Number of protein chains: 2
Amino acid sequence: MRLTNATSVKKSVKQGIRAVAARAGVSTASVSRALNNPDAVSPSLRARIEQAIDALGYIPHAPARILSSRRSRTLGAIVPTIDNTMFARGIASLQHYLSSVGYMLFLTTSGYDLDVELQQARNLISRGVDGLVLRGDCHHDGLRKLLADNAVPFINVGIYQPDRPYPCVGTDNEAAAHRAAAHVIELGHRRIGIVSALQRNNDRASARVAGFRRALAENGLELPPQWHVEVPYTLDDAREAARYLLNLKDRPTAVVCGNDVIAYGVLLEAERDGFSVPRDLSVVGFDDLDWSRHLRPSLTTIHVPTGETWQRAGEYLVRSLAGEQTIMHREVDFSLVVRESTAPPPKSPK
Amino acid sequence: MRLTNATSVKKSVKQGIRAVAARAGVSTASVSRALNNPDAVSPSLRARIEQAIDALGYIPHAPARILSSRRSRTLGAIVPTIDNTMFARGIASLQHYLSSVGYMLFLTTSGYDLDVELQQARNLISRGVDGLVLRGDCHHDGLRKLLADNAVPFINVGIYQPDRPYPCVGTDNEAAAHRAAAHVIELGHRRIGIVSALQRNNDRASARVAGFRRALAENGLELPPQWHVEVPYTLDDAREAARYLLNLKDRPTAVVCGNDVIAYGVLLEAERDGFSVPRDLSVVGFDDLDWSRHLRPSLTTIHVPTGETWQRAGEYLVRSLAGEQTIMHREVDFSLVVRESTAPPPKSPK
DNA sequence: GTCTATTTTGTAACCGTTTTCAAGTTGTGT
DNA sequence: ACACAACTTGAAAACGGTTACAAAATAGAC
């Protein structure tokens with residue numbers, strides 16, 4: 001056995017697409033075509049190639065494919081946290097949709113930190129994502145520049161801002177919050193408190209607060225500073241805030257909340273302090289989580305179709321990438337769900 | 001202006017690492033080294049290169065890097081669903097750890113479908129992941145073969161099976177369930193029902209059922225078929241199951257549940273049907289979700305450190321990939337958390 | 001100052017695909 | 001039978017990095 005011989009043999013068939021090509025007796029170009037555009041290759045060749053493919057258990061190497069074709073069929077998503085039912089829902093829905101159209105998803109979390117978000121974006125772009133799904137429109141300036149410089153398509157999800165030059169899809173949180181507050185006002189409440197989520201780097205939370213406030217202002221209602229509390233996304237913090245509000249000398253008869261978790265905390269604390277909801281206190285949530293209708297009393301809240309929202313975000317990007325014309329600003333409807341936790345205020349609000 | 005001239009100019013500097021090299025007046029090899037192994041390049045060169053890098057806003061192209069280095073610093077994870085707090089927690093924790101060591105995560109969901117899981121695995125391998133995190137050890141035979149054929153490191157998370165040849169990290173669900181059932185038995189219960197999650201393709205659910213059953217058997221207790229119900233992971237289904245159990249002529253005095261969501265459903269339905277927990281009925285959950293201690297009555301349950309579990313899974317793979325020796329089977333401790341939902345059975349069990 | 005050992009740098013061949021371009025094949029209308 | 005269009009196929013050059021290897025520079029020992 002000659003070395004020259006061995007060398008030439010070793011070199012002839014290694015692995016990957018060339019091995020398939022060799023086995024099927026065709027060129028790599030044909031194998032590639034059979035894989036990406038089956039109609040462009042004759043049935044006989046296609047059959048030979050397919051047979052070679054699963055005889056060899058061939059799995060195409062995506063990075064090589066991406067390198068050569070400059071398309072990854074991968075989207076990136078950056079969410080503040082996955083540890084929030086609404087985001088988990090949205091991501092699940094987005095991912096389900098993407099996999100149905102042959103795309104993959106790179107998911108990262110920023111923890112509401114703009115610098116981290118920028119870093120993640122850089123990472124994702126380096127990974128070759130075709131587009132980016134971002135939560136809201138509260139971003140680092142560098143992020144906008146980065147996206148522009150690299151011509152990366154993106155969409156802001158979970159907000160609706162038709163006046164901005166960036167694409168977005170989501171519900172109008174300000175309007176929805178306005179609706180929630182209007183509901184208790186219509187019931188006759190005049191003394192309304194707010195327990196919101198932390199507004200820092202969170203345009204969704206801010207928009208909701210703005211909506212609450214606008215409704216109060218439009219109806220000539222005061223909002224004493226001590227009636228507005230901001231809390232992190234945990235039951236304990238919500239309870240603490242509720243305890244504070246309910247123990248004020250001069251306390252509200254209704255509380256509108258930035259989300260359902262907060263509302264649940266308020267409900268729990270109200271019960272513990274001997275208040276009856278909705279007799280002594282009305283409570284409105286926001287998001288309509290699964291268990292909200294199971295609570296006692298069941299929670300009046302704003303229903304937001306998260307799954308649909310995130311799926312549409314995916315659709316927008318996939319369509320844009322396919323060169324189709326799509327709507328830049330898409331509004332997703334919310335709805336007020338009236339349940340047991342709201343009622344007219346007590347006659348003598350002691 | 002000559003075309004030949006233009007052509008040669010165009011060819012000299014295009015983009016990517018070669019553009020950086022050109023601008024810094026060094027070779028691409030040096031740029032690569034400065035990026036991956038800074039100590040291997042002299043300080044002066046490094047400075048020139050770094051300056052060129054951010055002058056050009058250069059972002060390395062990961063697919064090219066993966067192609068040429070055969071390492072992606074990316075792990076894949078396949079979970080049944082992300083729409084389950086426990087998994088969301090775990091993934092969040094895993095991802096946080098991975099990003100702290102410079103790895104990325106590809107996340108996909110299988111919906112408890114073994115074929116889908118196999119397909120996802122194929123997809124992830126094609127993507128060039130360095131390793132795979134799988135939920136449990138209930139997989140398609142083809143998946144094991146696939147992993148072996150492609151020499152892809154993996155770990156089963158959320159279970160503890162020291163006798164199996166595959167690496168795993170998690171709590172011993174069977175033992176934990178046994179502990180939960182033992183708790184109500186110790187309280188004096190003799191009539192114990194089970195509401196479990198669907199066992200199909202879910203070894204975690206099965207292990208828990210097995211643990212419950214073993215505890216009953218060891219104490220000579222019967223489990224009439226109608227006292228064991230399986231339900232999907234929703235409050236509605238759990239409530240329905242509870243309604244059925246509680247309306248049996250001959251009903252249990254205690255119910256052990258496959259997870260906290262189910263337990264919550266049982267609690268709700270018991271209250272609705274006029275049973276007082278724990279006076280008339282004891283309820284035990286499993287998982288110890290955030291809100292479980294806030295419920296009224298607060299829920300006795302098994303605490304499982306999910307975050308830690310998934311992080312350890314990541315650690316295992318990262319270490320293995322770094323060539324370090326690591327423990328194949330790692331057990332993560334559970335603990336029984338006794339709260340208000342369990343008590344001795346009523347004297348005259350009507 | 002010379003010689004050797006060590007470190008720093010550059011050259012160029014790969015990694016596994018896609019895709020352009022040209023060549024070969026088949027089909028159609030006259 | 002011929003010219004021409006439409007379709008299949010293959011050869012080879014990218015894509016943007018890494019890395020083995022060689023060459024050059026530097027340091028250390030005498």
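Bear in mind that the values here come from a model prediction, so they are computed numbers and not experimental data. Below, chains carry the letters A, B, ... as their sequence lines are ordered, and counting in each starts from 1. Reckoned from all heavy atoms, side chains included, excluding hydrogens, waters and symmetry mates.
- Where the helix from C:dG1-D:dC30 to C:dT30-D:dA1 starts and where it ends, the local axes point in directions that differ by 30°; five pairs per end, rounded to 10°.
- Nucleotide D:dA14 holds its P atom 23 Å from the CZ atom of A:R71, rounded to whole Å.
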For nucleotides 23-25 of chain C, list the nitrogen or oxygen atoms of the protein found under 3.5 Å from its nitrogen or oxygen atoms, one pair per line.
none

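- Sequence neighbours left out, not one pair with a member in residues 33-53 of chain B passes ring-ring contact (aromatic ring centres under 6.0 Å, His included).
- A:P60 comes within 4.0 angstrom of sugar-phosphate atoms only, judged by non-hydrogen atoms across all strands, and of no base.
- Within a 6.0 Å sphere centred on CG of A:D54, other residues, nucleotides and ligands contribute more than 12 heavy atoms.
- For the pair A:R70 CZ and C:dT20 C1', the interatomic distance rounds to 14 Å; values are reported in whole Å.
- Between A:R65 and the phosphate of C:dT18, there is a side-chain N or O to OP1/OP2 separation shorter than 4.0 Å.
- Applying the 4.0 Å criterion to OP1 and OP2 of D:dT18, one finds that B:S32 has a side-chain N or O inside that range.
- As judged by a 4.0 angstrom heavy-atom cut-off over every strand, B:V31 is placed among residues making no nucleic acid contact.
- Side-chain atoms of A:S68 and base atoms of C:dT17 include a donor and an acceptor less than 3.5 Å apart.
- Using modelled atom types and a 3.5 Å distance limit, the side chains of A:S93 and A:E308 yield no donor-acceptor pair.
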Where do N or O atoms of nucleotides 10-12 of chain C meet protein N or O atoms at under 3.5 Å, pair by pair?
| residue | atom | partner | partner atom | Å |
| --- | --- | --- | --- | --- |
| C:dG10 | OP2 | B:S27 | N | 3.1 |
| C:dG10 | OP2 | B:S27 | OG | 3.3 |
| C:dG10 | OP2 | B:S30 | OG | 2.8 |
| C:dG10 | N7 | B:R33 | NH2 | 2.8 |
| C:dG10 | O6 | B:R33 | NH1 | 3.4 |

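- Within the structure, every pair that satisfies the side chain to side chain donor-acceptor pair (under 3.5 Å) test and touches residues 142-162 of chain A, not counting sequence neighbours, is listed here: A:D137-A:R144, A:D137-A:N156, A:H139-A:N156, A:R144-A:Y166, A:K145-A:D149.
- Look at B:S42 and you won't find any side-chain N or O under 4.0 angstrom from OP1 or OP2 of C:dT7.
- Applying the side chain to side chain donor-acceptor pair (under 3.5 Å) test to pairs two or more places apart or on separate chains, those with a residue in residues 34-50 of chain A are A:S32-A:N36, A:N36-A:R65, A:S42-A:S44.
- One atom, CG of B:L67, and another, C1' of C:dG16, lie 5 Å apart when rounded to the nearest Å.
- A straight line from CD1 of A:I59 to C1' of C:dT17 spans 15 Å, rounded to a whole angstrom.
- A:Q95 and B:T109 are linked by a side-chain donor-acceptor pair at a separation below 3.5 angstrom, with hydrogens and angles left out of the test.
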